[in-house]
Amino acid sequence: MTTTSSESSHLQERGIPAGSHMVQFSENDTSLISAVSAFVGAGLRAGDACLVVATQSHRESLEQRLQAEGLDLAAARAAGSYVPLDAATTLARFLVGGEPEPTRFRATIGPLIEQAARDNRHVRVFGEMVALLWAEGNRAGAIGLEDLWNEQGRLQAFSLLCAYPMQAFSGHAHEAQFVHIRDQHSRVLLPESYSQLSEEERQRAFALLQQKAHSLEIEIAQREAVQERLRVLAAIVESSDDAIFSKDLAGIITSWNSAAERIYGYTAEEMIGQSVTRLFPHDGQGEFDEIMARIRRGERVAHHVTQRVRKDGTLLMVSVTISPVKGESGAVVGASSIARDITGQRRLEARSQQLFASNLIGIFVADSLGRLLEANQALLDLVGYSWEEWQVAALTSPLASFVLPLMEDAGGAASVTEPQETVLRHKSGAELPVLVAVTCLEDREACIGFVLDIRERKALEQRKDAFIGMASHELKTPVTSLKGFLGLVQRLLADLPDARVRHYLTRMNVQIDKLTALINDLLDLSRIQAGQLVYRREQVAMDDLVAEIVESVQETTQTHRLQIEGRSRAEVFGDRDRLGQVLINLLTNAIKYSPGADRAIVHLSSDGTQVLASVQDFGRGIAREHHRKIFERFYQVDEPQEKTYPGLGIGLAISQEIVKRHGGRLWVESTKGQGATFHVSLPRFQRGRQPSNGSREEIP
Ligand code: ADP
């Protein structure tokens, strides 16, 4: 059915174009009923037929209103111009699986409209079925039904008014749906409050609405930003390692984060609504009152160190900062607390203090410039000063100059340097031999130093040195005589026909030479200790010296071939015999510590200032941790499961001393199991710089 032009003009006279599909967004039931009664009332008065598909309560309210306006509904109903229908029942007739089914819809609605349109009456329909679907949350169903009504409008002429409660679209999420519903209708009716306004008032109301909408949008954006900030803050509070909680002025807990649960052992449910004094030890009421009095005055209580009780009854040491929380009026309404569990830290501090105060080891703390910041009693007792006296810069500086390089030596945090020997001065002026090691604190801003008194060890060493000196001296004379007499005997018995006697005498001679070498080493060592080793000074051609020594050491071995590689073509200035002694020592070690090898090499080279002789072997090698120590007196690498080698462990100490006295350096490069190379680097003799050629002076 289509609308004729006469019909449409007839409808337009009533302000409703034929076939219009209107929507009423109502603010409440009253405004809805007003709008519907205006729509239906005007229709009935104009002789239109009106179909009202509404809920029972809306139908009743509508009928009351229409009757109050003087309309005879009973007559209209009898004439078929007022047709009330129940929205839910009608909807059920064409709903399949929650969706309005098009054929059924047409079969239900089509005849109703056709019936109403008898006698050429125009038909008005008020439908609430879409609103029902919408209220159930069936948005797709409602939108689908609106489309079916629009399709029906193309088949039959009728005016349709749909109604939705405005609050059904509250919130941003429904904005798009609102626009969709609005677009499905040819007209949108304003709520009654607006429709009754004059044009001027309406424009003003419209402007006001726009302004309100704009401020609302701004407010919503601000609220969202605040909410976002709150979410971030809440996440920070939750992830904090410190207990964070709030309380009102009576001390009642109002919030409780997960660190608080962990530290105090109570869950948020157990604590919120409870007094904070639950965490205080028995006598804590006074402390609570004192804190709250300060909070009420608007003061902050910072880093308050105190005791609290966990749920399991254990005592905790905490550092708490409590700040007043102000309400909108600016008055203090409660307090926030941030508490850190410092029980472990305090325990550690107490232990460190105990260690520091121990009277066995001297301990000091120095800053990055090596200046003393603290010293324990053991160290003060050792040096005989009071702390105030020892702080005087002049007294501490010797330690500073010693500590600084040590600090540089110390690797990463927590690693301790190798202990080093040094001498402190006692208040009495006496020298104090000590061992010092340092460990740097994490930021390297300071270090902790450990000082060990080694006076007794030194005294013992001196007695040992004195004994070695005396014993070797006492042994030297009889062994020298023995060697002399043996020489005599050898000469006297040279013509004896029995060769065995000569053989034994030669063997005796070899053994006496070994004994003499040992005694000489010991004598050298004690002379070095006493600073009495005498060096001659002469020009020494290195290549000749090395060739000579290699030749003589070669005679002592049948297992190893000794090779020389390279030439230095240089001279050094010093004691030829002592330098020879160094080479002999290195070569005999190279043979001794490479029992499985068959050669050793002496590499010779020089540059403008240095002459380098390096003795390389292919033996057992030396692990890195021994590289420094093997140059100490009596130090021998003692590896379990390895064979032992004869020796006193003093050859390298003597060699080191000799090389040092020549202004040179002796060091080793080696990896365990891969042979070793000992390098001797000596200053090259340069004419004009040293005493004149050929002079043989003896100096102490
Ligand atoms: P000694 O050889 O009499 O023990 P040294 O002072 O000459 O004493 O050497 C000290 C220690 O260094 C030796 O005991 C040995 O452990 C180690 N050492 C020296 N030279 C070598 C080498 N060439 N290969 C492996 N280890 C060596």
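No hydrogens, no waters, no symmetry mates; every other heavy atom, side chains included, goes into these values. Order of listing sets the numbers, starting from 1, for every ligand and every atom in it.
Distances below 4.0 Å separate heavy atoms of G647 from the following atoms of ligand 1: 3 (O). Each of the following atoms of ligand 1 lies closer than 4.0 Å to a heavy atom of L648: 3 (O). Short contacts between ligand 1 and I650, defined as distances under 4.0 Å to a heavy atom of the residue, involve ligand atoms 6 (O), 8 (O). Ligand-side atoms of ligand 1 in range of Y635: 10 (C), 11 (C), range being under 4.0 angstrom from any heavy atom. Under a 4.0 Å criterion applied to the non-hydrogen atoms of R620, ligand 1 contributes the atoms 15 (C), 16 (O), 25 (C), 26 (N). Near L652, meaning under 4.0 Å from any of its heavy atoms, are these atoms of ligand 1: 5 (P), 6 (O), 7 (O), 9 (O), 10 (C), 12 (O), 19 (C).
Taking 4.0 Å as the cut-off, K592 counts as a neighbour of ligand 1 on heavy-atom distance. The closest approach between a heavy atom of F678 and any atom of ligand 1 is below 4.0 Å. The closest approach between a heavy atom of G649 and any atom of ligand 1 is below 4.0 Å.
Of the listed residues (I622, I654, N585, I591), the one carrying the non-hydrogen atom nearest atom 26 (N) of ligand 1 is I622.
Here V637 has heavy atoms under 4.0 Å from ligand 1 in both its backbone and its side chain.
Q581 and R578 share a side-chain donor-acceptor pair at under 3.5 Å. In summary, the side chains of S594 and H560 do present a donor paired with an acceptor at a separation below 3.5 Å, with no hydrogens or angles considered.
Looking at P646 next to ligand 1, no N or O pair under 3.5 Å apart turns up.
In summary, the aromatic rings of H662 and Y535 are positioned with their centroids under 6.0 Å apart.
Residues H627 and I622 share a closest heavy-atom pair of NE2-O, 2.9 Å.
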